[in-house]
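To start, the structure under review is shown below, and the notes come after it.
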Amino acid sequence: MQVKSMHFKATSSMKLNDAVLQAAMKKTKGKFVDGRAAAVAEIDVWQDIRTHAASLRDRVINNLDAYLIEFERNATLRGAVVHWAETAEEANAIIVGIAQRNAAKIVTKSKSMVSEEISLNDALEAVGVEVVETDLGEYILQLAKEPPSHIVAPAVHKSKEQVADLFEAAHHRPRTLDIPSMTREAREVLRSKFLGADMGISGANFVIAETGTTLTVTNEGNADLVTTVPRIHCVVTGIEKVIPTLEDFATLIRLLPRSATGQNAANYLTLTTGLKQPGDLDGPEQMHIVLIDAGRTKLVGSDMKEMLRCIRCGACMNHCPVYQNVGGHAYGWVYPGPMGSVLTPTYVGIENAGDLPNAATFCGECQVVCPVKIPLPDLMRKWRERQFDQALRPFSERFSISVWNAFATRPALYAASTKIAARVASWWGGKDKLITWLPGLDGWTDGRDMPAPAGKTFRELYAGRLSQPTRSDRS
Amino acid sequence: MKVGLFVTCLVDLVRPNIGFAALKLLEDAGCTVVFPESQTCCGQPGYNSGAREISKVLARKVLAEFRDCDYVVAPSGSCSGQMKVHTVEDLFKGQPEQAEFVALAAKWFELSDFLANVLKVEIAPSTTSVVTYHDSCSGLRELNIKAQPRMLLSAAGATINEMTDCEKCCGFGGTFSVKLGDISTRMAENKCVNIAATDAKVLVGGDLGCLLNIEGRLRRNGDNTTKVYHFAEVIAGMAH
């Protein structure tokens, strides 16, 4: 996917004034935030499960090579072919090769964020393959020619009216705003694609080392049709998605739907293990599993390795006050919100995503809701440290921090200068005691006044108080 | 009991009344309060801007300034979080100085927490205001400051009318408020809408940064009547 993260600041300002987006974002809050809170409250050992899941994911990341090899062995035993791709280009070449060798004309896809990372649809379409997204949200976005704005609810930014327009143009049927009718219409259109597809491509929420199983969590059941109907099933996923056992999946699935959508269970858990066997009514004749690095090994063993725990629930963005106000597209790449603000610089380079780690107040909500306890603010701060050390932020920002620190480490200078500053700023505030414009601080004063200082600093007044025989005598 | 007052850079520069309110509350409760005059900043602005080494210099400075105090109290959850959590768990983690910062963290308290849970003060009724309370993020999520200021405000006679999303960030975020001013302003605006939906005419909080941010947006919107106070000012009877 084309990287636009360098435009975060300008895009986010635009998104703040996008009425359709703003209305859509408000509606989702109830479902994702309140829904999660209710679903989490059902489990009295929630914090224990989080702790367990975090250590489970850490164990995987610390032994990633061993678990991946175990997965490869077990998947291969059951007839799958495991492919290793170091880069996005390699992954696309492998998948395009599979499609071409098998003369695939129609490919159905269930939702895969990794495929967005590597721009898989573009690569397949470039060789003449028709790619059909079958997750309803992804299908809408494919019609709109837009990237997802959320990792779980990709079309969360779209209004019903916008979807109706897209459907009318694509399906040539009478426009309707009745949501059940709209979804039925999409099902009818997609049904022939499901049945006519030569190859199905799915992502994987997890892959299980002990059984060689790949696993998809959906609400629409489309992954079942993508993984079982076509003669070829291709799984595309990141190497960090491996977990040791089915038992571990039982733990993680208690966390995932609750954190993602506030559901205590997702509608469909699609586990695919190996090929169609004699006597099976359906199932693929070929199964390919493409395990993608594309930057992930850079995190293994690094000071940001906790990021690889991520199970892609989206809770961090759902609760992020920045995401809630600007939506996912502002972040300019596949992964928005706090997890994206850590991952995007890693995968596309900090020079292309410099605003993202700074797009946080460090309110801490993301860390509190993360089901695998990723310390997201700390990881964003680590990016800021690298930016500071490598002089990657604007000069004015680094300069003001350096000046502040130079004064703060020199108490006499600090006292003298704040004494003057308090007076000047107080005078600047005028009779309303409000500063409406401050040079260099327009970021603040464009949208807010600055309440003016009282005029004297605490330390001045305190020194004055000490020289009078008042309250301090009592102690 | 010798209590060091860490007044915070914002209170020192902008609203000294909050510092004097904290001082009064502590002295009324029988504490011997000292104010080390060399104090400046806890280092958080540098820390959150990536200037890690400089923030460590400032943290060491604070440590030295309050070494001979039994307790340190600050009218801010944000600076308290910096000194109680981030020095121990990050800046000096695994380093020889960590033990000293663990000791500092153990005696360092955010003001409402200290008044409610250490001193267990009795607050004299001094107001009949209907207020709404904004929970500042660091205090709430790093230090579990939630019930303490509400309990103190109720004891002081205030009626608390909770706003929707009282735990949502106001958008201040230190340098965030300037670096990404448009988003910050929108978050402050959301807060203003939620305040207006209550019948409280007074906004109370525990961190001056957030209060300046929200007040700044209220005033820019032409709201000159909603009053904005730190809880210390209200419960000390110094909200004026």
(message) If we ignore hydrogens and angles and just use 3.5 Å, is the side chain of B:Arg141 paired with the main-chain N or O of A:Gly364 as donor and acceptor?
(response) no
(message) Please classify the contact between A:Ala452 and chain B as side chain, backbone, both or neither, with a heavy-atom cut-off of under 4.5 Å.
(response) backbone
(request) Using a cut-off of under 4.5 Å on heavy-atom pairs, state which of A:Asp442, A:Leu461, A:Ile435 scores highest against chain B. (result) A:Leu461
(message) Under 4.5 Å from any heavy atom of chain B, what part of A:Lys26 do you find: side chain, backbone, both or neither?
(response) neither
(message) Rounded to the nearest 0.5 Å, what separates atom OG1 in B:Thr40 from atom CG in A:Asn405?
(response) 9.0 Å
(request) Could you tell me which of B:Gly30, B:Ser55, B:Gly173, B:Cys170 has the largest number of non-hydrogen atom pairs under 4.5 Å with chain A? (result) B:Gly173
(message) With rounding to the nearest 0.5 angstrom, report the CE to SG distance, B:Met187 to A:Cys363.
(response) 6.5 Å
(message) Can you tell me which portion of A:Ala415 sits under 4.5 Å from chain B's heavy atoms? Options are side chain, backbone, both or neither.
(response) neither
(request) Starting at OG1 of B:Thr175, measure out to CH2 of A:Trp444 and round the result to the nearest 0.5 Å. (result) 11.5 Å
(request) Using the side chain to side chain donor-acceptor pair (under 3.5 Å) rule, pick out the option among A:Glu385, A:Arg381, A:Arg384 that qualifies with B:Asn48. (result) A:Arg381
(request) Would you please classify the geometry between the A:Phe458 ring and the B:Phe20 ring as parallel, tilted or perpendicular, with 30° and 60° separating the classes? (result) tilted
(request) Verify side chain to side chain contact (heavy atoms under 4.5 Å, CB included) between A:Thr409 and B:Leu58, making sure each step is shown before the conclusion. (result) CA-CA 7 Å; A:Thr409 48; B:Leu58 285 168; 3.7 Å; yes
(request) Could you tell me which portion of A:Ser396 (side chain, backbone, both or neither) has an atom closer than 4.5 angstrom to a non-hydrogen atom of chain B? (result) neither
(message) For chain B, which candidate among A:Ser12, A:Pro377, A:Ser402, A:Ala360 shows the most heavy-atom pairs at distances under 4.5 Å?
(response) A:Ala360
(message) Closer than 4.0 angstrom, basic N to acidic O: yes or no for B:Asp165 and A:Lys29?
(response) yes
(message) Quick check on the interface: out of B:Leu218, B:Val228, B:Ile54, B:Asn224, who has the most heavy-atom pairs with chain A under 4.5 Å?
(response) B:Ile54
(message) Once you measure the plane-to-plane angle for A:Tyr462 and B:Phe35, does it fall in the parallel (<30°), tilted (30-60°) or perpendicular (>60°) bin?
(response) tilted
(request) Quick one: pull up CD in B:Glu142 and CZ in A:Phe362 and give me the separation to the nearest 0.5 Å. (result) 10.5 Å
(message) Nearest 0.5 Å, please: how far is NZ in A:Lys456 from CG in B:Asp12?
(response) 13.5 Å
(message) So which atom in B:Lys168 and which in A:Glu365 form the shortest heavy-atom distance, rounded to 0.1 Å?
(response) NZ-OE2, 2.8 Å
(message) Please check this pair: side chain of B:Arg186 against backbone of A:Asn325, looking for a donor-acceptor N/O pair closer than 3.5 Å.
(response) no
(request) Measure A:Gln390 against the heavy atoms of chain B and call it side chain, backbone, both or neither at under 4.5 Å. (result) neither
(request) Heavy-atom pairs under 4.5 Å with chain A are the metric here; pick the option from B:Ser38, B:Gly46, B:Gly50 that has the most. (result) B:Gly50
(request) Mind ranking A:Asp355, A:Thr418, A:Val33, A:Asp389 by heavy-atom pairs under 4.5 Å with chain B and telling me who comes out on top? (result) A:Thr418
(message) Looking only at heavy atoms and a cut-off of under 4.5 Å, which of A:Ala421, A:Pro411, A:Pro357 has the most pairs with chain B?
(response) A:Pro411
(message) With chain B as the partner, which of A:Pro321, A:Ala422, A:Ala425, A:Ala454 has the greatest number of non-hydrogen pairs under 4.5 Å?
(response) A:Pro321
(message) Can you tell me which portion of A:Lys15 sits under 4.5 Å from chain B's heavy atoms? Options are side chain, backbone, both or neither.
(response) neither
(request) Heavy-atom distances under 4.5 Å only: say whether A:Gln324 touches chain B with side chain, backbone, both or neither. (result) side chain
(request) Side chain from CB out, backbone as N, CA, C, O: work out which of these in A:Ser13 comes under 4.5 Å of a heavy atom of chain B, or both, or neither. (result) both
(message) Rounded to the nearest 0.5 Å, what separates atom SG in B:Cys41 from atom OH in A:Tyr414?
(response) 6.5 Å
(request) Side chain from CB out, backbone as N, CA, C, O: work out which of these in A:Arg386 comes under 4.5 Å of a heavy atom of chain B, or both, or neither. (result) neither
(message) Quick check on A:Leu434 against chain B: is it the side chain, the backbone, both or neither that has a heavy atom closer than 4.5 Å?
(response) side chain
(message) So does A:Asp446 get a backbone contact from the side chain of B:Arg220, meaning a donor-acceptor N/O pair under 3.5 Å?
(response) yes
(request) Please determine, among B:Asp182, B:Asn190, B:Leu211, the option with the most heavy-atom pairs under 4.5 Å with chain A. (result) B:Asp182
(request) Measure distances from B:Arg217 to the heavy atoms of chain A and classify the residue's part below 4.5 Å as side chain, backbone, both or neither. (result) both
(message) Given heavy-atom pairs under 4.5 angstrom as the criterion, report whether the side chain, backbone, both or neither of A:Ala412 touches chain B.
(response) neither
(request) Take A:Asp432 and B:Arg219 through the side chain to side chain contact (heavy atoms under 4.5 Å, CB included) test and state the conclusion after the steps. (result) CA-CA 10 Å; A:Asp432 293 336; B:Arg219 303 299 175 247; over 6 Å; no
(request) May I ask you to test the A:Pro394-B:Lys179 pair for a side-chain heavy-atom distance under 4.5 Å? (result) no
(message) Is it the case that atom NZ in A:Lys419 sees more than 12 heavy atoms from other parts of the structure closer than 6.0 Å?
(response) no
(request) Could you have a look at A:Pro451, A:Gly455, A:Ala359 and say which one has the most heavy-atom pairs with chain B under 4.5 angstrom? (result) A:Pro451
(request) Identify which of B:Ser78, B:Ser138, B:Cys9 forms the greatest number of heavy-atom pairs closer than 4.5 Å to chain A. (result) B:Cys9
(message) Does any backbone or side-chain atom of B:Ile214 lie under 4.5 Å from a heavy atom of chain A? Answer side chain, backbone, both or neither.
(response) neither
(request) State whether the number of non-hydrogen atoms from other residues, nucleotides or ligands found under 6.0 Å of B:Lys56 atom NZ is greater than 12. (result) yes
(request) Could you tell me which portion of A:Glu397 (side chain, backbone, both or neither) has an atom closer than 4.5 angstrom to a non-hydrogen atom of chain B? (result) side chain
(message) Any carboxylate oxygen within less than 4.0 angstrom of a Lys/Arg side-chain nitrogen, looking at A:Arg465 and B:Glu27?
(response) yes
(message) Under a 3.5 Å threshold, yes or no: a donor from one side chain and an acceptor from the other, between A:Arg448 and B:Ser177?
(response) no
(request) Please state whether the side chain, the backbone, both or neither of A:Leu16 comes within less than 4.5 Å of a heavy atom of chain B. (result) both
(request) Begin from the C-alpha positions of A:Met450 and B:Glu215 and carry the test side chain to side chain contact (heavy atoms under 4.5 Å, CB included) through to its verdict. (result) CA-CA 8 Å; A:Met450 175 77 81; B:Glu215 184 177 351; over 6 Å; no
